[in-house]
Amino acid sequence: MTKNDLIRELAVSEKLTLTTATKAVDGVIRIIKENLAKGDSIFLRGFATLAVVDCAEKTARNIATGQPIVVPSHKSVKFKASKELKESLNNGCLV
């Protein structure tokens, strides 16, 4: 599913115009990005937790040449699915 698919699905399911649905999706994404950039975690009950994690510097290997390279330390986002989401995925039922 792409962002446009999500917007169309939201517009249809919630009886919104495409413009309103686009603003809603863009607004949610913007707020999530801003809070993650500040180092805050996002808790979406019944769906998932998004948390900023620090990744340490490590040595890896360039697949094409086989040469070792150093991957610098950086921040990443960890997605942890909620218990409800895991259960719905494993039981094949939605919502």
Side-chain angles (χ1 to χ4, degrees):
M1 175 176 268
T2 65
K3 181 179 170 182
N4 285 334
D5 294 336
L6 178 63
I7 290 168
R8 277 196 237 58
E9 194 73 28
L10 177 65
V12 171
S13 69
E14 300 303 317
K15 296 178 177 71
L16 302 171
T17 65
L18 280 176
T19 304
T20 303
T22 300
K23 287 180 182 179
V25 170
D26 286 343
V28 168
I29 291 171
R30 180 185 49 77
I31 292 167
I32 289 172
K33 282 181 180 180
E34 288 172 357
N35 280 279
L36 289 173
K38 289 190 290 187
D40 296 340
S41 294
I42 309 291
F43 303 100
L44 302 171
R45 186 175 297 270
F47 180 64
T49 298
L50 300 169
V52 177
V53 292
D54 291 317
C55 299
E57 182 179 283
K58 65 180 178 179
T59 304
R61 190 164 304 280
N62 182 330
I63 296 173
T65 65
Q67 296 294 322
I69 58 171
V70 175
V71 178
S73 62
H74 59 280
K75 293 182 185 285
S76 188
V77 177
K78 179 180 177 184
F79 177 92
K80 183 177 179 193
S82 70
K83 181 180 176 184
E84 294 89 349
L85 178 58
K86 290 177 190 176
E87 287 174 356
S88 67
L89 291 173
N90 289 317
N91 294 332
C93 61
L94 300 174
V95 185

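Just so you know, these numbers use all the heavy atoms, side chains as well, and skip hydrogens, waters and symmetry mates.
Neither Leu85 nor Met1 shares a network with the other; the hydrophobic side chains, linked directly or stepwise wherever heavy atoms of I, L, V, M, F, W or Y lie under 4.5 Å apart, form separate groups for each. At a threshold of 4.5 Å between side-chain heavy atoms, the hydrophobic network of Ile, Leu, Val, Met, Phe, Trp and Tyr places Val71 and Val53 in two separate groups. Under the 4.5 Å side-chain heavy-atom criterion for grouping Ile, Leu, Val, Met, Phe, Trp and Tyr, Leu44 is connected to Val77 within one hydrophobic cluster. Hydrophobic clustering (ILVMFWY, side-chain heavy atoms < 4.5 Å, transitive): Ile7 and Val28 are in distinct clusters. Linking Ile, Leu, Val, Met, Phe, Trp and Tyr whenever their side-chain heavy atoms come within less than 4.5 Å puts Phe79 and Ile32 in one cluster.
Scanning all heavy atoms of the two residues, the minimum distance from Ala64 to Asn62 falls at N-OD1, 2.9 Å. Pairing each heavy atom of Gly39 with each of Val52, the nearest pair is CA-CG2, 4.1 Å.
Expressed to the nearest 0.5 Å, how far NE2 of His74 lies from CG of Asp54 amounts to 9.5 Å. Taking CD of Glu57 as the start and SG of Cys55 as the end, the distance is 12.5 Å to the nearest 0.5 Å.
Of the residues Val12, Leu6, Leu10, Asn4, the one that meets the side-chain contact (heavy atoms from CB on, under 4.5 Å) test with Arg8 is Asn4.
Between Lys23 and Asp26 there is no salt bridge, since none of the side-chain N atoms of the basic residue sits less than 4.0 Å from a carboxylate O of the acidic one.
Heavy-atom neighbours of Ile69 CD1 from other residues, nucleotides or ligands within 6.0 Å: above the threshold of 12. Within a 6.0 Å radius of CD in Glu84, other residues, nucleotides and ligands contribute more than 12 heavy atoms.
Glu14 is not listed as a side-chain neighbour of Thr20, based on a closest heavy-atom distance of 4.5 Å or more.
Distance alone, capped at 3.5 Å, is enough to place a donor-acceptor pair between the Ser82 side chain and the Phe47 backbone.
For Arg30, the salt bridge (charged side-chain N to carboxylate O under 4.0 Å, His left out) partners two or more places apart in sequence, or in a different chain, are Glu34.
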